[in-house]
Number of protein chains: 2
Amino acid sequence: MLALLALFQISKYTIATGNSSVETVIAIIALVFFGIGIMINKRILHKDQKPIQEIDYNKIKEIGLSKREYEVLCEIAIGLSNKEIAEKLFVSENTIKTHVSNVLLKLDAKRRTQAIQIAKKLQILEQ
Amino acid sequence: MLALLALFQISKYTIATGNSSVETVIAIIALVFFGIGIMINKRILHKDQKPIQEIDYNKIKEIGLSKREYEVLCEIAIGLSNKEIAEKLFVSENTIKTHVSNVLLKLDAKRRTQAIQIAKKLQILEQ
DNA sequence: GCTTATTTCATACTTTAGTATGAGTTCTTT
DNA sequence: AAAGAACTCATACTAAAGTATGAAATAAGC
């Protein structure tokens, strides 16, 4: 705040004495307050917003999840049962059970609900 | 952009002719660019961030979830089994089953995974 | 104080989820 | 073309999850 007032006075003095061009002084003032506007806005917004987590496709490969297994994981996350997933993907429920088992194994989860949480923590599912 | 340049020229002219005080012109410039800084920043941040959804406690009451039932819902959401929730809350697994059934009924969910999704959509659980 | 809602628990049951194993098929990569 | 990975499916389990019902104890509101 004090620095701002000082800048203010210096600007006034500089223009009065004619040491610098008026354009330069105005440009500096503009730039400084432009920066201040960005800074303040950033602080306010950071309290009310959080960054969107992008899906980490490299981590999916790292974990060893196959394309189909990840697909099943996504369906689990939206709350579908094995039967419903089977119908949606046009395969048998047994096939889905196999995929689910593999997903749980690879995510080190005991249950599908835990798998969802782990997957979100690993950023392979949107939160 | 053109408006900015115009403002720039007007400021220069005003100071040169001495029609207004230097302080006023500088203050206007400062305010305008401060505002521009905020505007630009807001647009950029809105692309990379999303607002945090606050928990809607009124909706919890509206749905008719009791304190204990909501507590159980939260534990479900972090991926715990009925047994684990029972141990955590120092009650029997049968009690948890009763609570879970009531939660599913009130949220109109068929499964706990679906309940999690519905609860998040209703903003009674953090996403 | 009385009523009502909440919390607790049990028993018995049905349904879904998850494991283990084996095996045939397709797709890919060398 | 052969090898390996991925996808499919079945059978037979075990383990959880979820339903239905009834009931007792406690807490809260009138």
Side-chain angles (χ1 to χ4, degrees), chain A residues 55-122 124-125, chain B residues 55-122 124-125:
Chain A
I55 289 170
D56 191 345
Y57 291 100
N58 288 325
K59 198 159 275 170
I60 296 174
K61 283 180 185 170
E62 197 183 294
I63 291 164
L65 281 180
S66 76
K67 191 180 166 187
R68 202 57 157 169
E69 284 162 355
Y70 179 68
E71 216 172 341
V72 170
L73 173 61
C74 292
E75 304 298 346
I76 288 174
I78 64 172
L80 299 187
S81 68
N82 290 338
K83 201 174 194 175
E84 288 169 339
I85 299 171
E87 286 165 4
K88 194 169 179 180
L89 302 184
F90 305 105
V91 292
S92 81
E93 195 185 338
N94 286 320
T95 302
I96 299 301
K97 282 188 177 186
T98 303
H99 289 319
V100 172
S101 273
N102 291 333
V103 168
L104 296 182
L105 206 74
K106 290 174 181 177
L107 287 180
D108 197 29
K110 291 174 188 165
R111 284 162 295 282
R112 50 172 62 207
T113 48
Q114 198 183 7
I116 296 170
Q117 283 307 109
I118 292 171
K120 285 178 179 176
K121 204 163 284 175
L122 292 173
I124 61 177
L125 277 182
Chain B
I55 289 169
D56 191 345
Y57 292 101
N58 289 325
K59 197 158 275 172
I60 296 174
K61 284 179 185 170
E62 198 183 295
I63 292 164
L65 281 181
S66 75
K67 192 179 164 187
R68 203 57 157 171
E69 284 163 356
Y70 180 68
E71 216 173 341
V72 170
L73 173 61
C74 292
E75 303 298 344
I76 287 173
I78 63 172
L80 298 188
S81 68
N82 290 338
K83 201 174 196 173
E84 287 170 339
I85 298 171
E87 287 166 2
K88 194 169 178 179
L89 300 184
F90 304 107
V91 292
S92 82
E93 194 185 339
N94 286 320
T95 302
I96 299 302
K97 282 188 178 185
T98 304
H99 289 319
V100 172
S101 273
N102 292 332
V103 168
L104 296 183
L105 207 73
K106 290 173 182 177
L107 287 180
D108 196 30
K110 291 175 190 165
R111 284 162 294 282
R112 48 172 62 207
T113 47
Q114 198 184 6
I116 296 171
Q117 284 306 108
I118 292 171
K120 285 179 179 176
K121 205 164 283 176
L122 292 173
I124 61 177
L125 277 182

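Excluded from the calculations below are hydrogen atoms, water molecules and symmetry mates; all remaining heavy atoms, backbone and side chain alike, are included. So that the names make sense, note that chain A is the first sequence line, chain B the second, and so on, each numbered from 1.
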Measure from CG on B:L107 to C1' on D:dA17 and round the result to the nearest Å. 16 Å
Counting only side-chain N and O atoms of B:S101, is one of them less than 4.0 Å from OP1 or OP2 of D:dT19? yes
Which listed nucleotide (D:dC7, C:dC9, C:dG18) is nearest to the side chain of A:H99? D:dC7
Between the side chain of B:K106 and the main-chain N/O of B:L65, is any donor-acceptor distance below 3.5 Å? no
Output the single nucleotide from D:dG18, C:dA17, D:dA17 whose closest atom is nearest the side chain of A:N82. C:dA17
B:L122 and side-chain contact (heavy atoms from CB on, under 4.5 Å): which single residue from B:I55, B:I60, B:I63 fits? B:I63
Specify the closest pair of heavy atoms between A:R112 and A:S81, including all atoms of both residues, with the distance to one decimal. NH1-CA, 4.2 Å
Using atom types as modelled and distance alone, determine if a side-chain donor or acceptor of A:E84 lies under 3.5 Å from a backbone N or O of A:L80. no
Would you kindly give the CD-to-C1' distance between A:E93 and D:dT11, to the nearest whole Å? 14 Å
For B:K97 and C:dT16, what is the distance between atoms NZ and P respectively, to the nearest whole Å? 15 Å
Rounded to whole angstrom units, what separation is found between the CZ atom of A:R112 and the C1' atom of C:dT16? 8 Å
Return no unless some side-chain N or O of A:R111 is found under 4.0 Å from OP1 or OP2 of C:dG18. no
Want to settle it: does B:S92 or A:S81 sit nearer the 5' end of DNA chain C, counting the closest nucleotide to each? B:S92
In whole angstroms, the gap separating C1' of D:dA5 from NZ of A:K61 amounts to 15 Å
Starting at CD1 of A:I85 and ending at P of D:dC7, how long is that distance when rounded to a whole Å? 15 Å
Could you give the CG-to-P distance, from A:L89 to D:dA6, as a whole number of Å? 18 Å
B:K59/B:E62 under salt bridge (charged side-chain N to carboxylate O under 4.0 Å, His left out): CA gap, chis, key distance, verdict: CA-CA 5 Å; B:K59 197 158 275 172; B:E62 198 183 295; 5.9 Å; no
I want to verify a distance call: between D:dT8, C:dT7, D:dA17, whose nearest atom is closest to the B:S66 side chain? C:dT7
Closest to the B:T98 side chain: C:dG18, C:dC9, D:dC7? C:dC9
Winner on side-chain proximity to A:N94, out of C:dA17, D:dT11, C:dG18, is D:dT11
Integer-rounded Å distance: D:dG18 P and B:K106 NZ: 16 Å
